[in-house]
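All remarks here apply to the structure that follows.
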Amino acid sequence: MTSEGPLLKDEYAWLEDTENPRVVKWALEQDSMCRSSVKEYSASLFRRLVPFYKRPIVRSVQLTKRGIILFFSDHKSYKVQLLHDDGEREPVADSAKLGKETVIQAVQAREDGRELALHYSQGGSDEGTVKILDLETSKEVDSLQGFIGDILWLKNGYYYVRTSRNEKTPDGVEPPADRVFRRTGEEEEMCFGKGLPTNTFIEMTSSRGNSQALLNAYHGFTTCRPYAGPVGQPGSWAPVYPETGSVVSNIDYIDGKHLLLSFEKSSGEVLSISGKTTRRIVPESEWPLQEAAVVDDGILCHYLVDACSELHVYGEDGRLKKRITFDVPGSLIGRRVISTLGREAAVAFSSSTLPFRIYKVKGGRLKMLLEEELPGRYSVKHGYATSADGTRVHYFLTGREDVSPKKVLLFGYGGFRISPTPSFNPMYLPFLEDGGVFAVANLRGGLERGEDWHKAGMRDNKFRVFEDYLAVLAKLKSEGAEVVGYGRSNGGLLMGATMNSRPELFAGVLIGYPVLDMMSYHKLLIGRAWVPEYGDPEDPKDREFLLKYSPYHCIMAGKSYPPVFIYSGLKDDRVHPAHAFKFYAKLKDAGADVALRVEAESGHIGTTPEARIREEADKLACVYKALKMTPQGSPVSSGMN
């Protein structure tokens, strides 16, 4: 296959203009047809989903001197509360009070618990608002607009990260790229990042005691260099480790020593830097290290063991002092899963059928503060398949204890160092109740086996991710299962590529907010940021391997495709909805049984709870139809016409 000729004449390029009323009208017409096609089942599934969504879904926890900042959602809104040691929960914020379509995306509090940064947007768009709230008076003290990242607090004001997505940075670098700004009252200035190139993204926090600013400058998804310096002197912030071409990031700064998490070795290790002396504190182990934090009794490390969370406590001599395991396969929750003030830490834990547990970690022991459980007897089991090159691929199976995997929904992602783990999602629960099994494949491209596992699924190695997924799918099929494939975002790319390759293996395909056009993804929204992971369509060598699997370009008329359900949102400002629109239109022209659902007020991270439940009900309805299952309580199952 070459990159020339009529193959790349894009008759659906007009669908990229989502500001055009004609495109919006077309999208909403497809959406109307889609919802009509599933309404027979989705109404009853919606009713069944609501009680599950009434249970809190924890998004993150942060330990402060006033208590734990608890960020969660339920069936009505996104909420922030302050959880005190005595169990009392003090309301802090509620998305319902910020606007009908408002989604709270993240929260960041001062260490002393006096102020909170509330990140939110309309419909879940990446672009949004940050309100700075005084938690003692409940008053707003400041606000920011745009693509805003981490906050680092000062005695008077704060630093914040801003992403330039649509315009050059203040120092003239092409977007996308991050810069750090200092804001004090009405005054604001850029204070860090000058000259850092396009596709550099910055994480920012402070050391224990707030003496040092700690910044991680990521370029792409395989390189990160740590910077640090006195909090009040941004002009002195400088690299604390040589450029390595690997991911090396800050953990903390204690007693004049920088503690770093280094992936120069695949599974990660903890280093101590003092002047020109580098010492390895926690050596590389069999399992990948995800995160680390300093507590009074040592270094608290979060590992994935067969894609399940464990906490290990190491002494400064590198000796393992304590291994903390959980009684069910599951995962710690949040972008930064360990929150610590030094003396102790707080974490939130979840599993496929366990909504959450909130723990404090002290002295190598877990103390549970809060828990939400589900009735019913479910199990999470491990499975393994062999990929085309002989690689062993792990997967999870979640279902009722009395059910064997015959009707399976198989999720996959495979990219960007993201490791799918057992975590709570109410969407699957009616399906599990009705005898379905939810499976998750741990594919190359993630971090389940370390950085080498990630790199083995990047760029021209991407085909290995597809082979891994197909190996799990083929094994389930050989054991008598019917399988619907499911992927979202980069996982949508996985679905498009694998269904083009082996359509006969699928009973159906569920594709959400997807990346599908590998020839133009870099020109749409923030797609340029993914070039280090996927490859550059402007480079002839990269273009060649991208075109070989680009789902949009590999659709073939006359091929027997399984039923395909695609869903996206008009407010998605991360993955352009044109990927979904164009793929749908071309599949339809090829004669496939395909539906397109479009949420008018949804961004990439999702939408309001009620709209999300309706979206989940429609998605589940298509899964039931593809697997020839009937939901309990539907007109069909109850004998009604």
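The figures here come from the full heavy-atom set of this structure, side chains too, leaving out hydrogens, waters and symmetry mates. Predicted, not measured: the structure shown is a model, and the values here were computed from it.
Using a 4.0 Å cut-off between a side-chain N of Lys or Arg and a carboxylate O of Asp or Glu, Lys265 and Asp452 do not qualify as a salt bridge. We find that Asp389 and Arg444 are joined by a salt bridge, their nearest charged nitrogen and carboxylate oxygen being less than 4.0 Å apart. Ionic pairing of Glu616 and Lys619 is present here: one or more N-O contacts between side-chain nitrogen and carboxylate oxygen are shorter than 4.0 angstrom.
For the residue pair His454/Thr222, the side-chain donor-acceptor check at 3.5 Å is not satisfied. No side-chain donor from either of His394 and Glu448 sits under 3.5 Å from a side-chain acceptor of the other. Tyr160 and Arg162 share a donor-acceptor pair across their side chains, judged by distance under 3.5 Å alone. The closest side-chain donor-acceptor pair between Asn500 and Tyr561 falls under 3.5 angstrom. Neither side chain, Asp517 nor His579, offers a donor N or O lying under 3.5 Å from an acceptor on the other. Between Ser602 and Tyr513, the side chains place a donor N or O and an acceptor N or O closer than 3.5 Å (distance only, hydrogens not considered). Ser262 and Glu264 share a side-chain donor-acceptor pair at under 3.5 Å.
A search for side chain to side chain contact (heavy atoms under 4.5 Å, CB included) contacts involving Gln122 returns Glu101, Thr102, not counting sequence neighbours. With sequence neighbours excluded, the residues satisfying salt bridge (Lys or Arg N to Asp or Glu O under 4.0 Å) with Glu16 are Lys582. Applying the salt bridge (Lys or Arg N to Asp or Glu O under 4.0 Å) criterion to Glu533, with sequence neighbours excluded, gives no partner residue. Scanning for side chain to side chain contact (heavy atoms under 4.5 Å, CB included) contacts around Gln30 gives Trp26, Met33, Tyr584, Lys588, Leu596, with sequence neighbours left out. Taking the side chain to side chain donor-acceptor pair (under 3.5 Å) definition, one finds that Arg459 meets it with Asp542, sequence neighbours left out. Residues passing the side chain to side chain contact (heavy atoms under 4.5 Å, CB included) test with Arg59 are Ile57, Phe71, Ser73, Tyr78, sequence neighbours excluded. A search for side chain to side chain donor-acceptor pair (under 3.5 Å) contacts involving Arg597 returns Glu599, Asp618, not counting sequence neighbours. When the ring pair (Phe, Tyr, Trp, His ring centres under 6.0 Å) test is applied to Phe201, no partner is found at least two apart in sequence or on another chain. Every residue was checked against the ring pair (Phe, Tyr, Trp, His ring centres under 6.0 Å) condition with Tyr413, not counting sequence neighbours, and none meets it. Judged as a side chain to side chain contact (heavy atoms under 4.5 Å, CB included), and not counting sequence neighbours, the contacts of Val337 are Glu291, His302, Leu332.
Val23 approaches Thr18 most closely through the heavy-atom pair CG1-CA, 4.1 Å. Shortest non-hydrogen contact noted between Ile148 and His119 is O-ND1, 3.8 Å. The minimum heavy-atom distance between Gln290 and Leu261, with the atom names listed, is O-CD2, 3.8 Å. Closest of all the heavy-atom pairs between Ala626 and Ala507 is CB-O, 3.6 Å. The minimum heavy-atom distance linking Pro420 with Ala441 is given by the pair CG-O, 4.5 Å.
Side-chain atoms of Arg488 do not come within 3.5 Å of backbone N or O of Leu510 as any donor-acceptor pair. When atom types are taken as modelled, the side chain of Ser266 and the backbone of Glu451 share a donor-acceptor pair closer than 3.5 angstrom. Side-chain N or O atoms of Asp150 include none that pairs as donor or acceptor with a backbone N or O of Val161 at under 3.5 Å. When atom types are taken as modelled, the side chain of Thr498 and the backbone of Phe466 share no donor-acceptor pair closer than 3.5 angstrom. Side-chain N or O atoms of Ser352 include none that pairs as donor or acceptor with a backbone N or O of Pro422 at under 3.5 Å. Put simply, the side chain of Tyr469 never gets that close to the backbone of Met495: no donor and acceptor are under 3.5 Å apart. No donor-acceptor pair closer than 3.5 Å links the side chain of Asp468 to the backbone N or O of Val393. Of the possible polar contacts, one joining the Lys407 side chain to the Leu627 backbone as a donor-acceptor pair under 3.5 Å is found. Side-chain atoms of Asn199 come within 3.5 Å of backbone N or O of Arg528 as a donor-acceptor pair. Counting only distance, with no hydrogens or angles, the side chain of Ser32 and the backbone of Leu28 share no donor-acceptor pair below 3.5 Å.
Taken to the nearest 0.5 Å, the CD atom of Gln105 stands 3.5 Å off from the OG atom of Ser121.
With respect to Phe221, the ring pair (Phe, Tyr, Trp, His ring centres under 6.0 Å) criterion is satisfied by exactly one of Phe416, Trp530, Tyr534: Phe416.
Put simply, the side chain of Asn166 reaches to within 4.5 Å of the side chain of Phe147, judged on heavy atoms.
Residue pairs meeting the salt bridge (Lys or Arg N to Asp or Glu O under 4.0 Å) criterion with at least one member in residues 501-513, sequence neighbours excluded: Arg502-Glu504. Sorted by first and then second residue, the salt bridge (Lys or Arg N to Asp or Glu O under 4.0 Å) pairs involving residues 17-26 (not counting sequence neighbours) are Lys25-Glu29.
Between Phe583 and Tyr552, the ring center distance fails the sub-6.0 Å criterion. In this structure, Tyr395 has its ring center no closer than 6.0 Å to that of Tyr384.
Cation-pi check for Lys462 over Phe545 is not met; the charged atom does not lie both under 6.0 angstrom from the ring centroid and within 45 degrees of its normal.
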